[in-house]
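Only one structure is covered here, and it is reproduced in the block below.
Because only heavy atoms are used, hydrogens play no part in the values below, and waters and symmetry mates are left out as well, while side chains stay in. In listed order, ligands and their atoms are each counted from 1.
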Amino acid sequence: MTQPHSFFPIREEGGAVLILDQTELPHRRVERELADLEAAAHAIRSMQVRGAPLIGATAAWGLALAMARDPSDSGLNSALALLGGTRPTAVNLRWALERLKAVLLPLSPSSRAEAARSEARKVCLEDEAANRAIGQHGLKFITDIAGGKAGAVRVMTHCNAGALATVAWGTALAPVYAAKQAGVPVHVWVSETRPRNQGLLTAWEMREAGIPHTYMADNAAAHLIGHGQVDLVIVGADRIAANGDVANKVGTCLKALACREWGVPFHVAAPSSTLDWHCPNGAGIPIEERSGDEVRRVAGAEGAVTIIPEDSPVANPAFDVTPARMVTAIITERGAVAPDRLSDLYPERKP
Ligand code: MRU
């Protein structure tokens with residue numbers, strides 16, 4: 001099966017690492033080269049690339065770029081520190097850096113550059129394969145609903161957990177792409193996701209793929225869920241604790257609450273690289289607090305406009321934690337289970 005989308009969030013061409021700059025979307029489609037370690041760190045911090053799996057993949061490439069310039073132990077350690085400090089919540093960042101560190105540290109500096117490149121390629125290939133598998137496991141939830149109703153299956157999502165947030169396919173949107181390929185009619189409710197409006201990215205992806213969708217204000221979610229307009233919700237994750245608590249883009253928990261009230265399935269789709277077995281529950285997940293300017297301004301095709309005076313205090317927590325009890329199923333590349341059965345998919349993690 002080929003990729004269901006026409007763009008590459010990150011790719012390698014003739015030795016160069018190219019990213020699709022998501023701060024330009026949906027208004028302009030601009031590819032940029034990551035020339036060095038600093039460019040990779042900047043891309044993650046400024047959200048030119050974003051979404052947990054793509055952050056991990058970009059960090060892997062950032063380390064490869066660093067090793068091409070300075071493969072010494074101190075070069076490796078300072079690159080790990082720089083990249084590791086870019087964003088705190090998506091555990092895929094730490095996962096990718098630890099993975100490359102384990103490969104590179106035992107090697108002599110002269111062989112690190114090529115080994116880092118090869119491992120970064122593997123991280124990307126594995127992300128694509130994991131997300132494709134998530135699509136197939138998640139498709140079952142959609143086809144089950146399709147079998148019992150007329151018309152399209154109505155999926156609500158939050159933020160962008162599509163292909164743009166990964167190397168390919170996406171996580172929450174992988175089952176939607178799989179449904180489209182399988183000929184199962186779907187319609188996607190795309191939540192705006194203030195303050196950075198990642199819903200615009202989801203709408204752009206859905207438009208590119210020809211998948212019916214409707215963009216909506218975040219505040220409309222409970223109304224739509226409560227009025228029978230949503231068959232299931234699928235969101236991604238930035239970190240899933242060992243007990244199944246899920247950190248995802250702020251606003252996710254409100255959708256889960258509405259789903260619990262009205263009995264609508266609430267699924268979380270994420271690759272294994274998003275699971276944090278060292279974190280027993282959601283209380284241990286660091287929540288990124290971003291600049292208040294993201295709340296003070298709204299960005300559009302013609303630039304940003306200020307909507308609240310500069311000296312008005314604002315808060316901007318970028319993620320929230322949805323308790324495991326509100327999640328119907330967690331879908332990984334290994335299958336779909338209730339959150340309290342997550343370790344059944346990972347027997348190697350059982351004591
Ligand atoms: O701040 P962002 O845009 O990086 O946050 C992204 C999300 O919260 C996504 O839902 C999550 O990373 C899952 S991506 C497949």
Side-chain angles (χ1 to χ4, degrees), residues 5 9-10 19-23 25-26 43-59 86-96 124 127-128 130-135 138 155-177 188 190-202 204-205 218 233-240 246-256 266-276 285-291 294-295 299 316-322 327 330-333:
H5 41 85
I10 192 162
I19 56 156
L20 189 55
D21 184 344
Q22 300 192 29
T23 62
L25 288 172
I44 298 171
R45 203 179 293 111
S46 66
M47 295 176 66
Q48 287 175 335
V49 292
R50 30 109 357 245
L54 184 59
I55 290 171
T58 307
T86 48
R87 294 194 70 191
T89 303
V91 76
N92 308 60
L93 175 67
R94 186 185 80 197
W95 170 86
C124 290
D127 187 59
E128 178 175 351
N131 298 334
R132 193 180 327 187
I134 286 171
V155 181
M156 181 179 280
T157 191
H158 188 65
C159 192
N160 171 263
L164 282 169
T166 64
V167 174
W169 286 86
T171 56
L173 292 184
V176 169
Y177 282 123
V188 180
V190 178
S191 199
E192 186 173 32
T193 315
R194 277 283 289 147
R196 283 192 71 108
N197 298 339
Q198 285 94 331
L200 289 170
L201 302 173
T202 298
W204 182 80
E205 269 194 59
D218 298 320
V233 171
I234 314 180
V235 298
D238 289 84
R239 192 184 295 229
I240 300 178
V246 173
N248 192 47
K249 181 53 55 191
V250 70
T252 299
C253 187
L254 283 172
K255 289 184 172 62
F266 179 88
H267 301 304
V268 176
S272 301
S273 52
T274 303
L275 306 178
D276 187 354
I285 299 178
I287 300 295
E288 180 178 16
E289 180 73 32
R290 293 187 60 86
S291 165
E294 292 182 349
V295 180
N316 189 14
F319 300 93
D320 62 23
V321 174
T322 300
V327 176
I330 293 177
I331 310 165
T332 80
E333 69 272 26

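A salt bridge between D276 and R94 is present, with a side-chain N of the basic residue lying under 4.0 Å from a carboxylate O of the acidic one. Salt-bridge formation is not detected for the pair R194/E192: no Lys NZ or Arg NE/NH1/NH2 atom is positioned less than 4.0 Å from an Asp or Glu carboxylate oxygen.
Residues R132 and E333 are not in side-chain contact: their nearest non-hydrogen atoms beyond the backbone lie 4.5 Å or more apart.
Protein residues are said to neighbour a ligand when one of their heavy atoms lies under 4.0 Å from it; for ligand 1 these are M47, R50, G51, A52, P53, R87, C159, N160, A161, A165, T166, T171, Q198, G236, A237, D238, N248, K249, F319.
There is a side-chain donor-acceptor pair under 3.5 Å between N160 and T202. Inspection of the N131 and T171 side chains reveals no N or O donor paired with an N or O acceptor under 3.5 Å.
Relative to the six-membered ring of F266, K255 misses at least one condition, a distance below 6.0 Å or an angle of at most 45° to the axis.
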